[in-house]
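Written below as structure tokens is the structure these notes are about.
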Amino acid sequence: MQRFSISLMGVLLGISLITAAVEQSYAKVADAKVADTKAAITRSERCSDLSRQFDEALETHAAATQVTAAKALQRKGNRFCANKKQAQGIRMLANALKLLGVTPIDPVQ
């Protein structure tokens with residue numbers, strides 16, 4: 001009877017240790033998901049960021065040779081973003097920045 005009690009206590013201790021380890025791993029996974037969610041930005045936010053970056057770059061690169069083409073791309077990109085076609089808008093805005101000689105800022109850096 002005493003051996004049975006000792007064995008039962010050992011099994012219960014093992015189960016509790018396993019449960020604690022599993023709970024910790026779930027907590028780490030949940031924390032990682034929260035961090036990923038905070039780091040990710042939406043395409044609409046990306047459109048706004050690139051448009052703002054273009055406006056700032058236009059002030060400092062007003063003498064660029066392709067300013068007119070860059071402004072046209074910005075207008076087109078803003079229209080795409082407004083019409084829920086953010087992927088195309090982001091590409092247009094990035095290309096507009098490149099025409100000014102500016103590298104688009106990547107938010108994931």
Side-chain angles (χ1 to χ4, degrees):
M1 185 69 176
Q2 189 176 9
R3 286 185 184 173
F4 177 74
S5 296
I6 292 173
S7 298
L8 183 62
M9 292 297 276
V11 169
L12 291 175
L13 178 63
I15 290 172
S16 66
L17 290 174
I18 291 171
T19 305
V22 169
E23 286 177 5
Q24 285 180 348
S25 67
Y26 281 136
K28 288 179 184 177
V29 169
D31 289 344
K33 286 182 181 179
V34 168
D36 287 345
T37 304
K38 289 180 182 177
I41 65 168
T42 65
R43 287 182 178 174
S44 296
E45 292 170 334
R46 182 75 173 132
C47 282
S48 298
D49 290 345
L50 286 174
S51 187
R52 191 174 317 110
Q53 184 184 358
F54 181 86
D55 291 337
E56 293 170 1
L58 192 58
E59 293 175 10
T60 57
H61 294 80
T65 58
Q66 298 183 334
V67 171
T68 306
K71 285 181 180 180
L73 279 178
Q74 183 203 23
R75 284 191 300 273
K76 202 171 183 181
N78 285 337
R79 262 185 273 137
F80 275 126
C81 288
N83 292 326
K84 303 215 185 291
K85 296 181 180 178
Q86 289 91 356
Q88 292 93 332
I90 290 168
R91 281 194 296 275
M92 292 289 168
L93 291 167
N95 287 334
L97 283 165
K98 290 175 186 174
L99 283 178
L100 292 180
V102 176
T103 304
I105 296 173
D106 188 10
V108 187
Q109 291 179 348

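- Leu100 is listed as a side-chain neighbour of Phe54, based on a closest heavy-atom distance under 4.5 Å.
- The residues Asp55 and Arg52 are annotated as not salt-bridged, no charged nitrogen and carboxylate oxygen being separated by less than 4.0 angstrom.
- Identified under the side-chain hydrogen bond (donor to acceptor under 3.5 Å, both in side chains) test for residues 80-103, with sequence neighbours left out: Ser44-Gln86.
- The structure places CD of Gln74 at 10.5 Å from CG of Leu50, a figure rounded to the nearest 0.5 Å.
- For the pair Asn78 and Leu93, the minimum side-chain heavy-atom distance is below 4.5 Å.
- The NE2 atom of His61 lies 10.0 Å from the CG atom of Leu97; values are rounded to the nearest 0.5 Å.
- Closest approach of Ala96 and Ala70 over heavy atoms only: CB-O, 3.4 Å.
- Side-chain heavy atoms closer than 4.5 Å link hydrophobic residues (I, L, V, M, F, W, Y) into clusters, and following such links, even through other members, never connects Leu73 to Ile90.
- For the pair Val102/Thr60, no side-chain contact is recorded, criterion being any heavy-atom separation below 4.5 Å from C-beta on.
- Side chain of Gln53 to main chain of Ile105: a donor-acceptor pair is present (N/O by atom type, distance under 3.5 Å, no hydrogens or angles).
- Considering all non-hydrogen atoms of both residues, Gly89 and Cys81 come closest at CA-SG, 3.8 Å.
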